[in-house]
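Below, chain A is the first sequence line, B the second, and so on; all start at residue 1. Computation of the quantities below employed the complete heavy-atom set of this structure, encompassing side-chain atoms and omitting hydrogens, waters and symmetry-equivalent molecules. Note that the structure is predicted; figures quoted are calculated from it, not measured.
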Protein chains: 2
Amino acid sequence: MIGQLARRTGCKVQTIRYYEQIGLMPEPVRTEGNQRRYGAPHLKRLAFVRHSRELGFSLEAIRELLDLADDPDRSCATADSIARRQFDQVESRIARLQALKRELKRMIVQCRGGRVAECRVIEVLADHGLCVSDHGNPPVDKLAVS
Amino acid sequence: MIGQLARRTGCKVQTIRYYEQIGLMPEPVRTEGNQRRYGAPHLKRLAFVRHSRELGFSLEAIRELLDLADDPDRSCATADSIARRQFDQVESRIARLQALKRELKRMIVQCRGGRVAECRVIEVLADHGLCVSDHGNPPVDKLAVS
DNA sequence: GATAGGACCTACAGTCACTGTAGGTTCAAG
DNA sequence: CTTGAACCTACAGTGACTGTAGGTCCTATC
C-alpha cells in the first residue's frame, strides 16, 4: 500500500506515483484490485531519492546516482563529481544570498518609517545604483533550497 | 519597441510581454501596425520589477510594492514588512544551505575513490542516519536564488 | 451479507516565473 | 521594392511536485 510507504518516507502519495511515472521508481506489483504493493527494495530506493532531494540534488542527478548505486562494481568517480558539482552550486547560492541579505539589511535599516515618498525600501528597489554590493543576476532557479 | 526596453533592463522580450499579461506592467500604446511603444514610466517600472526580482522578491510581493510606490502618501510600514519578510526568508535559506553544505562536504571528504560499493557518497545518500546535522525538509522552493 | 468510510485508482489541471516555438506581420534600411 | 531583423499572437514546455474530480477497492463493524 502506497500510503504506508508514504508515511515511512515522509513523501506524499502523489509524489511516489509521480516518481514512478517518470521512471525514477520501478513499477511495483499490483493486487487483483489494481493497488500497488511495495517491498523493502522500494522503501530503500525511495529513501535514497528523498534524502538526495533534501540535499538539493536534482531528479536528473539522482537518476545518475541511482544508476551508480545499482552497480556496485563501477568506479565512484562519477558519484563524487556529481556531489562536488552540488557542493559548488550550494556554495555559490550561499554567496549570492549573502550579498542579497546585506542589501536587504541596508535597505531596511535605512527606512525610518513614515510615508512611502521617503521610504528607503521603495527607493532602493527603484534604483539599483543605490546598492553597494553586486547582488547579481536574476534569481531564477529550479534547484534551490527553501 | 519592446526590444529596446528589453536591452535597457536586461530583461527578455517574452518576459516583458509576460509581465504585461499578468498585469504587472501596464499595456503600452501601440503603433498602427500593432507594435508596442514604451515611455519613460514603463522603463522605470520595469527596472523596479527586475531589481526586486534580483533581490528575490516574488511577483506577488512586487505587485504589493508597486501598489505602494504608486501612492507616495501612504505609510511605508507595509513596504518595510515585506522587505523584512524577504530578509527573514533569505536568512533561513542561508542557514539551511549551510547545513547542507556541511553535509555535502563531509560526504565528499570521506570518499576515497574506488568502487561504488565502498563509496561514501552513495552510502550517505542511502542513509540519512549517517548525517550529522539536521539538513531539514524538502528543498521545495519557488523563490530562491541561483 | 450489507454498509460505511478511508485508502486507493487514473487523468488531468495548476503552481512559479519564466522560456521556447511556430507561423505569421511590420518596420526600416538599402 | 526587397530583404531581413524585429515584432506579433498563441500555445507548449520547464522542474518538481500538488491538487482535484470522479470513480473503485478494502477492511471493519453491524
Side-chain angles (χ1 to χ4, degrees), chain A residues 1-25 27-38 42 46 49-66 86 89 93 137-146, chain B residues 1-25 27-38 42 46 49-66 86 89 93 137-146:
Chain A
M1 34 204 56
I2 199 168
Q4 203 168 22
L5 185 63
R7 246 168 287 122
R8 286 198 198 168
T9 52
C11 183
K12 300 219 169 172
V13 166
Q14 287 109 306
T15 306
I16 298 174
R17 287 201 278 249
Y18 168 71
Y19 287 160
E20 183 183 326
Q21 194 190 304
I22 62 167
L24 209 60
M25 289 292 289
E27 292 185 22
V29 293
R30 302 268 188 151
T31 63
E32 275 183 30
N34 201 33
Q35 299 196 354
R36 291 167 178 86
R37 288 301 120 105
Y38 295 96
H42 288 100
L46 185 54
V49 172
R50 289 317 294 170
H51 191 211
S52 303
R53 285 293 298 137
E54 280 167 18
L55 289 167
F57 291 89
S58 71
L59 292 184
E60 255 328 285
I62 295 172
R63 214 185 279 274
E64 277 187 82
L65 289 164
L66 280 168
Q86 181 61 22
Q89 276 172 24
R93 250 177 248 150
N137 300 335
V140 177
D141 197 14
K142 282 91 200 260
L143 281 181
V145 162
S146 52
Chain B
M1 36 204 58
I2 199 167
Q4 202 168 22
L5 185 63
R7 246 168 288 120
R8 285 198 198 170
T9 52
C11 184
K12 301 219 165 168
V13 166
Q14 287 109 308
T15 306
I16 299 174
R17 288 200 277 249
Y18 167 71
Y19 287 160
E20 182 183 326
Q21 193 190 306
I22 62 167
L24 209 61
M25 288 293 288
E27 293 185 23
V29 292
R30 302 268 189 152
T31 62
E32 275 183 30
N34 199 34
Q35 300 197 354
R36 293 168 177 84
R37 288 300 121 107
Y38 295 96
H42 287 101
L46 185 55
V49 172
R50 290 316 294 171
H51 191 209
S52 303
R53 284 294 298 138
E54 280 167 17
L55 288 167
F57 291 89
S58 71
L59 291 183
E60 254 329 285
I62 295 172
R63 215 185 279 275
E64 278 187 82
L65 290 164
L66 280 168
Q86 181 61 22
Q89 276 172 24
R93 250 178 248 150
N137 300 335
V140 178
D141 197 13
K142 282 89 200 261
L143 282 180
V145 162
S146 52

Are OP1 or OP2 of D:dC8 and a side-chain N or O of B:Arg36 less than 4.0 angstrom apart?
yes
Separation of C:dG6 atom C1' from A:Ile2 atom CD1, nearest Å, is 15 Å
Mind calculating the distance between OH (A:Tyr18) and C1' (C:dA11) to the nearest angstrom?
16 Å
Classify B:Arg7 by what it touches in the nucleic acid, base, sugar-phosphate, or nothing, heavy-atom distance under 4.0 Å.
nothing
Closest heavy-atom pair, B:Val49 versus B:Ile62, reported as atoms and distance to 0.1 Å, is O-CD1, 3.8 Å
For A:Tyr19, give me all partners under ring-ring contact (aromatic ring centres under 6.0 Å, His included), at least two apart in sequence or on another chain.
none
From the list D:dT9, C:dC18, D:dC17, which nucleotide is the closest neighbour of the side chain of B:Arg50?
C:dC18
Per-nt protein contacts along nucleotides 20-30 of chain C (heavy atom under 4.0 Å; B base, S backbone sugar-phosphate only, - none) come out as BB----SS---
Of the listed nucleotides (D:dC8, D:dC17, C:dA17), which one gets closest to any side-chain atom of B:Ser58?
C:dA17
Using a cut-off of 4.0 Å on non-hydrogen atoms, how would the nucleic acid contact of B:Ile22 be classed: base, sugar-phosphate, or nothing?
nothing
Rounded distance (Å) that lies between atom P of D:dA16 and atom CD1 of A:Ile16
17 Å
Atom pair distance, as rounded to whole Å: OH in B:Tyr19 and C1' in C:dA17:
7 Å
Any salt bridge linking B:Glu60 with B:Arg63? Criterion: basic side-chain nitrogen under 4.0 Å from a carboxylate oxygen.
yes
What is the distance from CG of B:Leu46 to P of C:dC18, rounded to the nearest Å?
11 Å
From the options C:dT19, D:dC17, D:dC8, select the nucleotide whose nearest atom is closest to the side chain of B:Thr15.
C:dT19
Rounded off to whole Å, could you give me the CD-to-P distance for the A:Glu20 and C:dT10 pair?
8 Å
Phosphate oxygens OP1/OP2 of D:dT24: is one of them under 4.0 Å from a side-chain N or O of A:Arg30?
no
Give the minimum heavy-atom separation between B:Pro28 and B:Arg37, together with the two atoms involved.
CB-O, 3.4 Å
Rounded off to whole Å, could you give me the CZ-to-C1' distance for the A:Phe57 and D:dG15 pair?
17 Å
Closest heavy-atom pair and its distance - B:Phe57, B:Arg53:
O-NH1, 2.7 Å
Minimum heavy-atom separation for B:Thr9 and B:Leu46, please, with both atom names.
OG1-CD2, 3.4 Å
Interatomic distance, B:Glu54 CD vs C:dC18 P [rounded to whole Å]
11 Å
Which heavy atom of A:Gly56 sits nearest to which heavy atom of A:Gln86, and what is that distance?
O-NE2, 3.1 Å
